[in-house]
Amino acid sequence: MTSLSASLVRGALSSPFKRAGRPDAALPPGRLTRPAAPVAPGPLAAYGRICGFTESGPLPLTYPHVLAFPLTMRLMTDRAFPLPVLGLVHTWIEITPHRAVRPTEPLELAVYADVLTPHRRGTEVTMVTEARVGGELAWESRSGYLSRHATTDAAASPRPDPDAVGDLPAVAEWRLPGDLGRRYGAVSGDRNPIHLHPLTARLFGFPRAIAHGMWTVARCLAEAGDGSEIRSVRAEFKAPVLLPATVTYAADAAGDAFALRGTKGRVHLVGAVTRNVQQ
């Protein structure tokens with residue numbers, strides 16, 4: 001948490017001096033790593049409670065992303081990183097668990113910046129996170145983060161949505177409190193100002209604080225069932241969830257396609273999972 005707080009301060013200080021959309025922008029080479037270390041049971045339990053995961057079983061599919069987030073922030077707040085970190089919006093994530101990871105297994109973590117992509121609302125960077133056990137790649141993810149700025153590239157667009165979710169039936173309704181962003185930020189370390197208070201969110205164009213995208217996908221995956229059966233996850237964060245809010249989790253019968261909708265039918269998230277074929 002100390003290193004993450006230092007990165008947030010560094011990002012706040014460096015962001016005004018970075019200009020997104022420069023044609024000569026380049027990503028820093030190399031990767032940042034953390035040596036193998038055990039998962040702390042207390043923070044893991046707190047994360048499981050706020051996201052709805054059960055206390056037993058494998059590591060939640062989204063948790064390596066949380067563990068590696070200090071590395072991600074350190075990379076994105078480095079002087080060589082071309083985008084200002086303040087106001088970056090998480091737009092999509094793909095997770096590939098190569099095998100179930102037990103909470104007792106020490107994880108070696110690595111992150112690197114892969115590519116910059118034009119987006120109809122600015123510039124998007126793809127960040128890659130890897131988790132290894134005993135040198136073997138056990139889990140990896142790719143995430144898109146959007147830096148919003150004026151652009152003339154009207155043809156640029158985000159990655160394609162997951163397969164059409166259609167009118168998925170409602171499964172559960174969740175009432176999200178106004179302090180959800182602060183509570184999740186305390187557990188995950190992600191204290192981006194857009195998630196914390198209405199005032200800080202308004203500085204970046206949001207009328208109220210918004211829920212973390214990683215909380216929404218984690219909560220949906222917790223509802224989807226046994227994570228050890230999942231081979232891959234793909235989710236798109238379509239619209240911010242303004243806090244407080246009431247949202248509806250919708251999914252097909254198998255939980256392979258899912259969505260999060262607002263009270264007026266606005267789609268906040270769409271996603272899809274593929275599962276291991278049963279022998």
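FYI, side chains are in, hydrogens and waters are out, and symmetry mates aren't considered; it's all heavy atoms of this structure. Along the sequence shown, residues are numbered consecutively beginning with 1.
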| request: Drop me the distance from Thr96's OG1 to Arg231's CZ, to the nearest 0.5 angstrom. | output: 9.5 Å
| field | From Thr129 atom OG1 to Leu109 atom CG, the distance as rounded to the nearest 0.5 Å | value | 8.5 Å
| Any chain of hydrophobic side-chain contacts (each under 4.5 Å) joining Leu61 to Val39? | yes
| query | Are any of the side-chain heavy atoms of Val133 and Glu108 separated by less than 4.5 Å? | reply | no
| Separation between OG1 of Thr123 and CG of Leu88, rounded to the nearest 0.5 Å | 10.5 Å
| Is any side-chain heavy atom of Arg261 less than 4.5 Å from a side-chain heavy atom of Val247? | no
| task | Keeping the roles fixed (side chain from Ser147, backbone from Leu83), state whether a donor-acceptor pair exists under 3.5 Å. | result | no
| said: How long is the straight-line distance from CE of Met214 back to OG of Ser188, given to the nearest 0.5 Å? | reply: 9.0 Å
| Do the non-hydrogen side-chain atoms of Leu260 and Val267 ever get within less than 4.5 Å of each other? | no
| task | May I have the step-by-step check of side chain to side chain contact (heavy atoms under 4.5 Å, CB included) for Phe258 and Asp252, ending in yes or no? | result | CA-CA 7 Å; Phe258 59 90; Asp252 62 10; over 6 Å; no
| Residue pair Phe237, Val217: steps toward the side chain to side chain contact (heavy atoms under 4.5 Å, CB included) verdict | CA-CA 9 Å; Phe237 307 111; Val217 71; 4.1 Å; yes
| Same apolar cluster (I L V M F W Y, side chains within < 4.5 Å links), Val66/Val187 | yes
| query | For the hydrophobic clusters of this structure (ILVMFWY residues joined by side-chain heavy atoms under 4.5 Å, transitively), does one cluster hold both Phe81 and Val115? | reply | no
| field | Side chains of Arg142 and Ile93 in contact at under 4.5 Å (non-hydrogen atoms) | value | no
| query | If only atom types and distance count, is the side chain of His268 paired as donor or acceptor with the main-chain N or O of Pro240 below 3.5 Å? | reply | yes
| Is the ring centre of Tyr249 less than 6.0 Å from the ring centre of Trp174? | yes
| task | Taking Trp139 for its side chain and Tyr63 for its backbone only, find out whether a donor-acceptor pair lies under 3.5 Å. | result | no
| remark: Interatomic distance, CZ@Arg34 vs CG@Leu32, rounded to 0.5 Å, equals 13.0 Å
| Less than 4.5 Å apart, any side-chain heavy atom of Arg182 and any of His197? | yes
| said: With rounding to the nearest 0.5 angstrom, report the CZ to CG distance, Arg219 to Leu180. | reply: 10.5 Å
| Do Thr274 and Ser232 have side-chain N/O donor and acceptor atoms under 3.5 Å apart? | yes
| Tell me, do Ile50 and Arg183 make a side-chain contact under 4.5 Å, heavy atoms counted? | yes
| Which of these passes side-chain contact (heavy atoms from CB on, under 4.5 Å) with Trp92: Leu269, Val270, Thr126? | Thr126
| request: Count the heavy atoms of every other residue, nucleotide or ligand shown that sit under 6.0 Å from CZ of Arg99, and state whether that count exceeds 12. | output: yes
| Can you check whether Cys220's main-chain N or O pairs, donor with acceptor, with Glu223's side chain at less than 3.5 Å? | no
| said: In this structure, would Val128 and Met73 fall into the same cluster of hydrophobic residues linked by side-chain contacts under 4.5 Å? | reply: no
| field | Close side-chain approach of Pro82 and Pro28, heavy atoms under 4.5 Å | value | yes
| said: According to a hydrophobic-cluster definition based on side-chain heavy atoms being under 4.5 Å apart (Ile, Leu, Val, Met, Phe, Trp, Tyr only), do Tyr112 and Leu71 belong together? | reply: no
| Quick one: do the Ser143 and His90 side chains pair a donor with an acceptor below 3.5 Å? | yes
| query | Ignoring hydrogens and geometry, is there a side-chain-to-backbone donor-acceptor pair from Asp179 to Gly181 under 3.5 Å? | reply | no
| message | For Cys51 versus Ala218, what's the shortest heavy-atom pair and its separation? | response | SG-CB, 3.9 Å
| Would you find a donor on one side and an acceptor on the other, under 3.5 Å apart, between the side chain of His195 and the backbone of Asp190? | no
| query | Any luck finding a side-chain donor-acceptor pair between Thr62 and Tyr47 under 3.5 Å? | reply | yes
| message | If I compare all heavy atoms of Asp78 with all of Ala80, which pair ends up nearest, and what's the gap? | response | OD2-N, 2.8 Å
| message | Would the distance check show the side chain of Arg208 and the main-chain N or O of Leu243 forming a donor-acceptor pair, the cut-off being under 3.5 Å? | response | yes
| Lys264 versus Arg266: any side-chain heavy-atom pair under 4.5 Å? | no
| For Pro193, does its backbone N or O pair with a side-chain atom of Thr200 as donor and acceptor, under 3.5 Å? | yes
| Should the pair Glu130-Arg31 be classified as a salt bridge under the 4.0 Å nitrogen-to-oxygen rule? | yes
